There are 2 protein chains.
Amino acid sequence: MKKKELSPLPTGGKPPVVVPSSAQGALDGYPAAEQAVKQIPPAAVARLTLYLRALNSLTGDGVERVSSEALAEASGVSSATLRKDLSYIGSHGTRGVGYEVDYLNRQIAAALGLTLDWKVAIVGAGNLGRALARYGGFQSRGFEIVAIFDADPLIVGQEIGFLRVSDVLGLETGLAQTRANMVVLALPAHVAQEMCDRVVSAGVKSILSFAPITLQVPEGVNLRKVDMATELQILAYHAQRLVD
Amino acid sequence: MKKKELSPLPTGGKPPVVVPSSAQGALDGYPAAEQAVKQIPPAAVARLTLYLRALNSLTGDGVERVSSEALAEASGVSSATLRKDLSYIGSHGTRGVGYEVDYLNRQIAAALGLTLDWKVAIVGAGNLGRALARYGGFQSRGFEIVAIFDADPLIVGQEIGFLRVSDVLGLETGLAQTRANMVVLALPAHVAQEMCDRVVSAGVKSILSFAPITLQVPEGVNLRKVDMATELQILAYHAQRLVD
DNA sequence: GCCTGTGAAACATTTCACAGCA
DNA sequence: TGCTGTGAAATGTTTCACAGGC
């Protein structure tokens, strides 16, 4: 349901292991292009963001070096997992010593693509959309909120933080003008798919949805979902089990 | 970091495998008590909530029966995965026919423990906390928001939806009085761990945190985390890879 | 005949344990 | 000596493919 693949190169590496020989015999011509698209396991990518947070916090505390043990503890994972994760982005530590906080921070950020320019548009200026627009946590890591849209005439035109709510009628134009390359959907279920489609048509390839509905997106579009109700239900399952 | 274990049995078998005999040997008298604490794989639990959403939507459309293929499509997973997931909670379909929408809905809800009484308290009445308090998605699935706390004197006493913001000084008392058994933390990073500790001390075992920080909780406490910045960073990684 | 339920295979992730280098 | 980096083992998840009942 989500894999596709087209990288016909034997990038060579551990888990991500690229299909050894197999397919691809057809085209190519180059023996071994080194462009090799890394490929970090999804589970590791998610954790890299945690390490980043922990490293930022350490920087704030003036710490300059950290061991895998300590960083793992601060991130809530095992040290073995942490070392394995870091190995996917290369060897950036010193044996017998540990990791340089600042340097590692930059390495992870680079691996995640955070050095690029990310412009985020929020669709939906209801309670959640407004809260997101005002949330400072985005800006801090290079995500700039460039626009916020809504359909309600009473909300359009309002100021939220440094932004003015735009009419969703002008969604496509707005996305193009602001060069938004990510969209956050903060919408009720019944309009989410429609807005999602428009956003996709406008060429946006990265979408974060808070809508309580399963959205369909075409291949090549990256969709991540956050749903409070879902999280509570998962908690409920575990809590119930404690009681037996 | 999260496993514990105490089952000294060679459980051997597929994922969920019910602990064969194990604990409780004390009572019963039957050779094979069927009470057997299920055990659904975490990945499957997360997806069961998606099926629930899809089933609700189908009910709304007046659909009474659904095939694994159709339900999987609506939920965004493969039909094999769906059938496997459902098999963890028992056989509730009819071969050659499909699943009864209403019946399956109830079976999943029961398996997730949604028939119990969940009372949720929100700690933090900032932008996000207020948005969550007003979000209708909770109530719909048996989660009742029973209190919301904040430390800011300007916010304490305000009305949000049907609730009045309580002073976080009275957190412990408030949790006890309202019999809250779940807590949502909607707090800035610098106070999140402290509040988390207080909530844990008060006996709450299920916590959903929106704070952009890794929280430490003792064994036996269930913590789930949602972080917008993390989600965007993961999107950034994938988006960057599309460019190569 | 058709679609569910499920062993078994394929694949992915995590943990172990230790070699290797500062 | 001490901690990283990483093969190999253990564990978990997804997919395959087909037996089995309606």
Side-chain angles (χ1 to χ4, degrees), chain A residues 1-5 12-20 22-23 39-48 50-51 65-73 75-101 103-104 107-108 111, chain B residues 1-5 7 9-19 38-48 50-51 65-73 75-101 103-104 107-108 111:
Chain A
M1 109 228 198
K2 85 315 184 38
K3 293 298 291 294
K4 65 282 342 261
E5 267 4 316
K14 261 46 55 11
V17 168
V18 179
V19 210
S22 69
Q39 255 287 48
I40 305 174
V45 171
R47 284 187 303 259
L48 284 172
L50 301 181
Y51 308 151
R65 265 208 301 263
V66 68
S67 68
S68 65
E69 192 66 55
L71 184 54
E73 157 90 32
S75 307
V77 305
S78 77
S79 67
T81 296
L82 177 132
R83 289 200 302 278
K84 182 63 95 180
D85 287 348
L86 293 185
S87 80
Y88 297 136
I89 65 171
S91 289
H92 300 299
T94 309
R95 296 182 189 212
V97 178
Y99 303 88
E100 199 87 29
V101 171
Y103 176 73
L104 184 58
Q107 293 305 314
I108 296 178
Chain B
M1 112 227 198
K2 92 289 185 58
K3 294 300 289 296
K4 65 275 353 248
E5 265 8 314
S7 71
L9 335 151
T11 11
K14 262 49 50 10
V17 168
V18 178
V19 209
K38 283 77 114 99
Q39 255 287 49
I40 307 173
V45 171
R47 283 187 303 258
L48 284 173
L50 301 182
Y51 308 152
R65 266 208 301 263
V66 68
S67 68
S68 64
E69 192 66 56
L71 183 54
E73 158 88 34
S75 307
V77 306
S78 77
S79 67
T81 296
L82 178 132
R83 290 200 304 276
K84 180 64 95 177
D85 288 348
L86 293 184
S87 79
Y88 298 136
I89 66 171
S91 288
H92 300 298
T94 308
R95 296 180 187 212
V97 179
Y99 302 89
E100 198 87 30
V101 170
Y103 176 73
L104 184 57
Q107 293 305 313
I108 296 178

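Just so we're clear, the structure is a prediction, and the values are computed from it rather than from any experiment. Residue numbering restarts at 1 for every chain, and letters A, B, ... go by the order of the sequence lines. No hydrogens, no waters, no symmetry mates; every other heavy atom, side chains included, goes into these values.
- Between A:Lys84 atom NZ and D:dA9 atom P there is a gap of 13 Å when expressed in whole angstrom units.
- Taking 4.5 Å as the limit, some side-chain heavy atom of B:Leu86 sits within range of a side-chain heavy atom of B:Tyr51.
- In this entry the distance linking CG of A:Leu86 with P of C:dT13 reads 16 Å, nearest Å.
- Every residue two or more places apart in sequence or in another chain that forms a side-chain contact (heavy atoms from CB on, under 4.5 Å) with A:Ser67 is listed here: A:Glu69, A:Ala70.
- Separating the CD1 atom of B:Ile40 from the C1' atom of D:dG12 is a distance of 16 Å, rounded to the nearest angstrom.
- For the pair B:Ile40 and B:Asp85, the minimum side-chain heavy-atom distance is 4.5 Å or more.
- Remark: B:Thr81 is in phosphate contact with D:dT15, judged by side-chain N or O atoms under 4.0 Å from OP1 or OP2.
- Within residues 93-101 of chain A, the residues that have a heavy atom under 4.0 Å from DNA chain D are, in order of number, A:Gly93, A:Thr94, A:Arg95, A:Gly96, A:Val97, A:Gly98, A:Tyr99.
- Backbone-only contact: B:Arg47 has heavy atoms under 4.0 Å from sugar-phosphate atoms and none from a base.
- Comparing C:dT15, D:dT13, C:dT14 against the side chain of B:Pro42 picks out D:dT13 as the nearest.
- One atom, CG of B:Leu48, and another, P of D:dT13, lie 13 Å apart when rounded to the nearest Å.
- When the C1' atoms of four end pairs are superposed on the next four at each end of the helix from C:dG1-D:dC22 to C:dA22-D:dT1, using five pairs per end, the two resulting axes differ in direction by 0°, to 10°.
- Between B:His92 and B:Leu104 the shortest heavy-atom distance is CB-CD1, 4.3 Å.
- Regarding A:Glu69, its CD atom lies at a distance of 15 Å from the C1' atom of D:dG5, rounded to whole Å.
- As rounded to whole Å, 15 Å separates atom C1' of D:dT6 from atom CD1 of A:Ile89.
- Applying the 4.0 Å criterion to OP1 and OP2 of C:dT4, one finds that B:Ser68 has a side-chain N or O inside that range.
- Using a 4.5 Å heavy-atom cutoff, the side chains of B:Val45 and B:Tyr88 are not in contact.
- Proximity of B:Ser67 to the phosphate of C:dC3: no side-chain N or O atom is located under 4.0 Å from OP1 or OP2.
- Place B:Asp85 and A:Arg83 on DNA chain C by their nearest nucleotides, and B:Asp85 ends up nearer the 5' end.
- B:Leu82 places its CG atom 11 Å from the C1' atom of C:dT4, with the value rounded to the nearest Å.
- The nearest whole Å value for the distance from the OH atom in A:Tyr88 to the P atom in D:dG5 is 13 Å.
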